[in-house]
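Order of the sequence lines fixes the chain letters, A, B, ..., with proteins taken first and strands second; residue numbering starts at 1 for each chain.
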Number of protein chains: 2
Amino acid sequence: MNEDLEMKNRIEIVEDNDVVRDGLKLLINSMSKHNVVAAYISCEQAIKNLDKDLPDVILMDLDLPGMSGIEGIRRIKKRNQEIHLIVITVHEDSEMVFEALCAGASGYITKNANHSRLLDAIDEVQSGGAPMSTRIAKMVVSSFQRNQNSPLTSRETEVLELLAKGKSYTVIADELFIHKETVKSHIKNIYFKLHVNSKADALEIARKNKLI
Amino acid sequence: MNEDLEMKNRIEIVEDNDVVRDGLKLLINSMSKHNVVAAYISCEQAIKNLDKDLPDVILMDLDLPGMSGIEGIRRIKKRNQEIHLIVITVHEDSEMVFEALCAGASGYITKNANHSRLLDAIDEVQSGGAPMSTRIAKMVVSSFQRNQNSPLTSRETEVLELLAKGKSYTVIADELFIHKETVKSHIKNIYFKLHVNSKADALEIARKNKLI
DNA sequence: AAACAATCCCCCAATCTTAGGTATTTTTCA
DNA sequence: TGAAAAATACCTAAGATTGGGGGATTGTTT
């Protein structure tokens, strides 16, 4: 039971619900290769003891008293890039998912996942993977794909992409081998179709609707 | 064997290597719920027969004679958004991965994956998932994360983000509650640090290095 | 025939961008 | 605590960009 404690994977839990936290702890400790070195109810506590606990993997809830899990991920990653953070949450809304991934989460598992999936996730991050629940993976992959019902023509989309890269009308014209005035016409049409009248607004609408 | 053909999942394969293609066909047909309705060596053939074959899922190689798998994915998705495309390839380089996902792939499995993983992937796309090999998932998740060794300060990064949204110096100043001249100073410093002297170049370098 | 897409042209005024500077205050870190 | 870095603000100036008007032609698709 306590032999080779040094060799075990050091797992930490940050979760404010007592039942869930204790359940996770029991589950993980039931694997001889893992050792739950700490379990906290807030990011503040976890961060304070980070240098003492030295976790390899942290399972992190997102709804926490005080500092949010997202901010916690950001700060922990900043302090130590080696630590793998796996989000364990009920949230499946895209905003949360992308914020957590941008903040530095290596995995994202929803709480309805079964136990073996969770244990697999711990192994997976440690071998350089990125475990995700099915629906999360779908959201992530979908984020790369464009809206197929764009009101813009392909040429307009092309112009808007170059605009998004910060290029001027002149440069866009050169790259597309068309006249600068043509670029202006396209942009006028884009603004009309998107009901905007500035570059920033056009880009905002376009990105929100995945037109570019 | 041939009872309830109508109810089976209609699977199609596009793969130019005979051995691989036949192997996949045998493997998939060994599952009573699946039926390989077509197997082609090129996207051109697959597209020509799309309305006849009516596949639910297509397993697609990327290196193909003639039209590339990427372009094939794009065209097939355009023709029928309902079809799930799973990339089956040896390529693990990020460019290929992201191009395939942007083109509309629902999954991305590398050829070294074991058979059950591949069969699982077919089930997974049909239930709305996005099956990926471990390393692919990691690449995808990493793509959300920034370079932690940015030469830019957090304020500079903030300014650059707003610039990337197409906002003018004036608007940026307003949003950050600072003077327009301060924004200019930040941008001068950004250009200096990134060794560029224009917005478009700064954005290109910043995006390439995941500074924003 | 009508609608759409892509191309090009003109004018104009306001704003923006980049390039030189300098300088103060605040924060961070060794 | 003292130096360095970061964030802030200001100045001048020229040239480029942007957005709002107006229009026109050519081809494609329906």
Side-chain angles (χ1 to χ4, degrees), chain A residues 47 50-51 74-75 78-81 146-207 211-212, chain B residues 75 78-79 146-207 211-212:
Chain A
I47 291 170
L50 206 58
D51 296 331
R74 213 183 323 270
R75 299 207 189 175
K78 195 168 181 182
R79 284 263 296 267
N80 186 342
Q81 289 204 234
R146 295 217 179 134
N147 181 353
Q148 301 265 242
N149 302 319
S150 172
L152 306 181
T153 68
S154 62
R155 197 55 152 174
E156 286 162 357
T157 303
E158 220 169 346
V159 170
L160 195 54
E161 275 169 21
L162 294 173
L163 214 50
K165 291 183 176 170
K167 307 200 170 175
S168 69
Y169 292 13
T170 313
V171 172
I172 295 174
D174 287 350
E175 294 198 8
L176 296 181
F177 304 106
I178 57 180
H179 199 278
K180 184 178 172 175
E181 291 297 329
T182 309
V183 173
K184 285 175 65 175
S185 285
H186 286 310
I187 290 176
K188 274 190 271 192
N189 289 333
I190 292 167
Y191 288 4
F192 175 74
K193 288 182 181 180
L194 302 186
H195 312 295
V196 299
N197 53 6
S198 75
K199 178 165 58 172
D201 288 346
L203 292 179
E204 191 189 339
I205 298 290
R207 288 190 170 124
L211 307 181
I212 55 171
Chain B
R75 299 206 190 178
K78 195 169 181 181
R79 284 262 296 267
R146 294 216 180 135
N147 181 353
Q148 300 267 254
N149 302 320
S150 173
L152 306 181
T153 67
S154 62
R155 198 56 152 174
E156 286 163 357
T157 304
E158 221 169 345
V159 170
L160 195 54
E161 275 170 22
L162 294 173
L163 213 51
K165 291 184 176 171
K167 306 200 170 176
S168 71
Y169 291 15
T170 313
V171 171
I172 295 174
D174 287 350
E175 293 198 8
L176 296 182
F177 304 106
I178 56 180
H179 199 278
K180 183 178 174 176
E181 292 297 330
T182 308
V183 174
K184 286 172 63 176
S185 287
H186 285 311
I187 290 177
K188 272 189 278 192
N189 291 333
I190 292 168
Y191 288 3
F192 175 74
K193 289 182 182 180
L194 301 185
H195 311 294
V196 299
N197 54 2
S198 76
K199 181 165 58 174
D201 288 345
L203 292 179
E204 191 188 340
I205 298 289
R207 289 192 170 120
L211 308 182
I212 55 170

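The distance between atom CD of B/Glu181 and atom C1' of C/dA19, rounded to the nearest whole Å, is 12 Å. Following rounding to the nearest Å, A/Asn189 (CG) and D/dT18 (P) show an atom-to-atom distance of 17 Å. Rounded to whole angstrom, the span from the CG atom of A/Leu176 across to the C1' atom of C/dC8 amounts to 15 Å. Note: NE2 (A/His195) to C1' (D/dG20) measures 18 Å, nearest angstrom. Atom NZ of A/Lys180 is separated from atom P of D/dT18 by 8 Å (rounded to the nearest Å). To the nearest angstrom, P of C/dT17 lies 16 Å from NE2 of B/His186. Whole-Å rounding puts the B/Tyr191 OH to C/dC16 C1' distance at 11 Å. Per the geometry, CD1 belonging to A/Ile172 stands 11 Å off P belonging to D/dT17, to the nearest Å.
Between A/Asp51 and A/Arg79, at least one side-chain N (NZ, or NE/NH1/NH2) sits under 4.0 Å from a carboxylate O, which counts as a salt bridge.
Checked by distance alone, B/Lys199 brings no side-chain donor or acceptor within 3.5 Å of a matching partner on the base of C/dT17.
Residues B/Tyr191 and B/Ala202 approach most closely at CE1-CB, 3.7 Å, considering heavy atoms. Between A/Ala164 and A/Ile212 the shortest heavy-atom distance is CB-CD1, 3.8 Å. Residues A/Ile178 and A/Thr182 come closest through the heavy atom pair CD1-CG2, 3.9 Å. For the residue pair A/Ser150 and A/Thr157, the shortest heavy atom distance occurs at OG-OG1, 4.5 Å. When all heavy atoms of A/Lys165 and B/Arg207 are compared, the pair lying nearest together is CA-NH1, 3.8 Å.
Minimum atom distance to the side chain of B/Thr170 is reached by C/dC16, of the listed C/dC16, C/dA19, D/dT18. With distances taken from any side-chain atom of B/Lys184 to the nucleotides D/dT17, D/dA7, C/dA19, the minimum falls on C/dA19. Taking every side-chain heavy atom of A/Asn197 into account, D/dG20 is the closest of D/dG19, C/dA19, D/dG20. Of the candidate nucleotides C/dT7, D/dT18, D/dA6, D/dA6 has the atom nearest to the side chain of B/Lys193. Comparing D/dT8, D/dA7, C/dC9 by their closest approach to the side chain of B/Thr153 singles out D/dA7. The side chain of B/Glu156 sits closest to D/dA7 out of D/dT12, D/dA7, C/dA5. In the set C/dT7, D/dA13, D/dC10, the nucleotide with an atom closest to the side chain of B/His179 is D/dC10.
Within the nucleic acid shown, A/Thr182 comes within 4.0 Å of at least one base atom, counting heavy atoms only.
If A/Ile187 and B/Ile178 are placed on DNA chain D by their nearest nucleotide, the residue sitting closer to the 5' end is B/Ile178. In this structure, A/Arg155 and B/Ala200 both approach DNA chain C, and ranking their closest nucleotides by distance from the 5' end singles out A/Arg155. Nearer to the 5' terminus of DNA chain D, by closest-nucleotide assignment, is the contact made by B/Pro151 (compared with the other of B/Phe177 and B/Pro151).
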Q.
For B/Glu161 and B/Arg146: C-alpha separation, side-chain torsions, deciding distance, then whether salt bridge (Lys or Arg N to Asp or Glu O under 4.0 Å) applies.
A. CA-CA 12 Å; B/Glu161 275 170 22; B/Arg146 294 216 180 135; 2.8 Å; yes
Can you tabulate the close N/O pairs, meaning under 3.5 Å, that link protein atoms to atoms of nucleotides 22-25 of chain D?
| residue | atom | partner | partner atom | Å |
| --- | --- | --- | --- | --- |
| D/dG22 | O6 | A/Lys188 | NZ | 3.4 |

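Distances shown here put a side-chain N or O of B/Tyr169 below 4.0 Å from the OP1 or OP2 atom of C/dT18. Contact between the side-chain N/O atoms of B/Ser198 and the OP1/OP2 oxygens of D/dA16 is not found at any separation under 4.0 Å.
Of the listed residues (B/Leu163, B/Val159, B/Ile205), just one forms a side-chain contact (heavy atoms from CB on, under 4.5 Å) with B/Ile190, and that residue is B/Val159.
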